[in-house]
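Residue numbers run from 1 in the order of the sequence given. Side chains are part of it too, since the values below use all heavy atoms of this structure and drop only hydrogens, waters and symmetry mates. Numbering of ligands and ligand atoms starts at 1, following listing order.
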Amino acid sequence: MRLDKLLSDRGYGTRKEIKKLLSKQGVQIGDVTIKDPGYQVQPEDVVVFNGEVVSTERFSYYLFHKPAGCVCANEDHVHPTIFSYVPNPKNTLFSVGRLDLDTEGLLLITNDGQLAHALLSPRRHVDKVYFAKLSGAITDDDIKLFAEGVDIGDEKLCMPALLERANDRGDEIRITIKEGRFHQVKRMFEAVGKEVLYLKRESMGPFTLDEQLPAGSYRTLTEEELSYLQGFTNHTKE
Ligand code: URA
């Protein structure tokens, strides 16, 4: 990627501003000062600008275990946000979809809009698995109804969802959905007369919460997870 594009993608200014900055101070790559905005940055280059190392990875991806009580937003005057936990120095990150204030669980955080769009599209059938505790036990009829598509008052029925018991009583469940409508899981249970008392997203596509990621912590993706994402979007390497 061109040096000026890298710096503007990372939020250091417009290409024009960066051209000026580069002509004044340049960037350090090893022992060399580079002032040419058209310099082709190599993946192995460690680019230092204004004393900061500039990430040469095109996009950033983090897997975050959202705790209850924080909001999926960049700013909030009442509650902590996901960015009270995940650093977002350039304000370019956002979450792929949202979880409610009281919902816990897996959130992918990125600056890759194309990927977010693809992962959220119901057409791409990315499974999202939630664990929930309910005010009452589910019935076989609920399971059948969810498999057919439950009516939550939207224009269209929900897409078929897999509903499974997670305890003997049937008031703890796992549900797999392919969409991400507003308050979807809570509204699906409301449609069958149950209230969701606790909700946690356990996985989304190949991304799964594990024991090593306690609530409030985040990690970068594994090579395997990154290669899944590469197959998901048609990003060309620059
Ligand atoms: N469904 C909900 O109702 N809430 C969430 O946070 C996620 C899915």
Side-chain angles (χ1 to χ4, degrees), residues 61-76 78-86 93-110 115-139 142-143 145-167 170-210 213-218:
Y61 305 98
Y62 302 101
L63 212 144
F64 176 49
H65 185 164
K66 176 191 175 298
C70 78
V71 290
C72 294
N74 285 60
E75 262 184 36
D76 192 274
V78 182
H79 301 285
T81 75
I82 52 175
F83 298 114
S84 311
Y85 298 87
V86 182
L93 296 175
F94 53 87
S95 62
V96 177
R98 287 168 183 233
L99 295 176
D100 298 337
L101 176 67
D102 58 351
T103 304
E104 295 177 18
L106 182 144
L107 256 189
L108 194 63
I109 294 182
T110 185
L115 170 88
H117 186 74
L119 279 174
L120 292 174
S121 163
R123 280 199 308 275
R124 304 295 287 263
H125 292 234
V126 175
D127 284 344
K128 290 119 197 150
V129 180
Y130 291 86
F131 169 80
K133 294 183 186 175
L134 307 175
S135 59
I138 57 164
T139 64
D142 296 339
I143 295 177
L145 185 65
F146 279 31
E148 285 162 1
V150 60
D151 184 356
I152 59 172
D154 288 348
E155 211 173 296
K156 284 189 184 166
L157 297 183
C158 290
M159 290 172 83
L162 175 68
L163 176 57
E164 298 165 291
R165 292 179 178 87
N167 68 353
D171 59 357
E172 293 186 4
I173 60 90
R174 247 180 209 96
I175 182 168
T176 306
I177 60 175
K178 295 184 189 301
E179 303 161 285
R181 300 190 197 179
F182 184 61
H183 297 325
Q184 180 164 346
V185 174
K186 291 175 186 165
R187 288 163 67 209
M188 288 172 86
F189 285 104
E190 206 175 283
V192 292
K194 277 128 208 149
E195 192 189 340
V196 172
L197 306 176
Y198 170 84
L199 188 60
K200 177 178 185 176
R201 181 153 67 192
E202 295 182 326
S203 72
M204 178 168 175
F207 305 104
T208 304
L209 277 188
D210 51 50
L213 200 67
S217 55
Y218 66 95

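- Under the 30°/60° scheme for interplanar angles, the aromatic rings of Tyr62 and Tyr218 are found to stand perpendicular.
- A salt bridge is absent between Lys194 and Asp171: the closest approach of a Lys/Arg side-chain nitrogen to an acidic carboxylate oxygen does not fall below 4.0 angstrom.
- For ligand 1, the protein residues within 4.0 angstrom (heavy atoms only) are Leu99, Asp100, Thr103, Tyr130, His183, Gln184, Val185, Lys186, Leu199.
- With Tyr198 as the aromatic partner, Lys133 meets the cation-pi criteria of under 6.0 angstrom to the ring centre and within 45 degrees of the ring axis.
- Looking at Lys186 and Asp102, a side-chain N of the basic residue comes within less than 4.0 Å of a carboxylate O on the acidic one, giving a salt bridge.
- Residues Ala137 and Asp142 come closest through the heavy atom pair O-OD2, 4.4 Å.
- By the ring-ring contact (aromatic ring centres under 6.0 Å, His included) test, Phe131 pairs with no residue at all, sequence neighbours left out.
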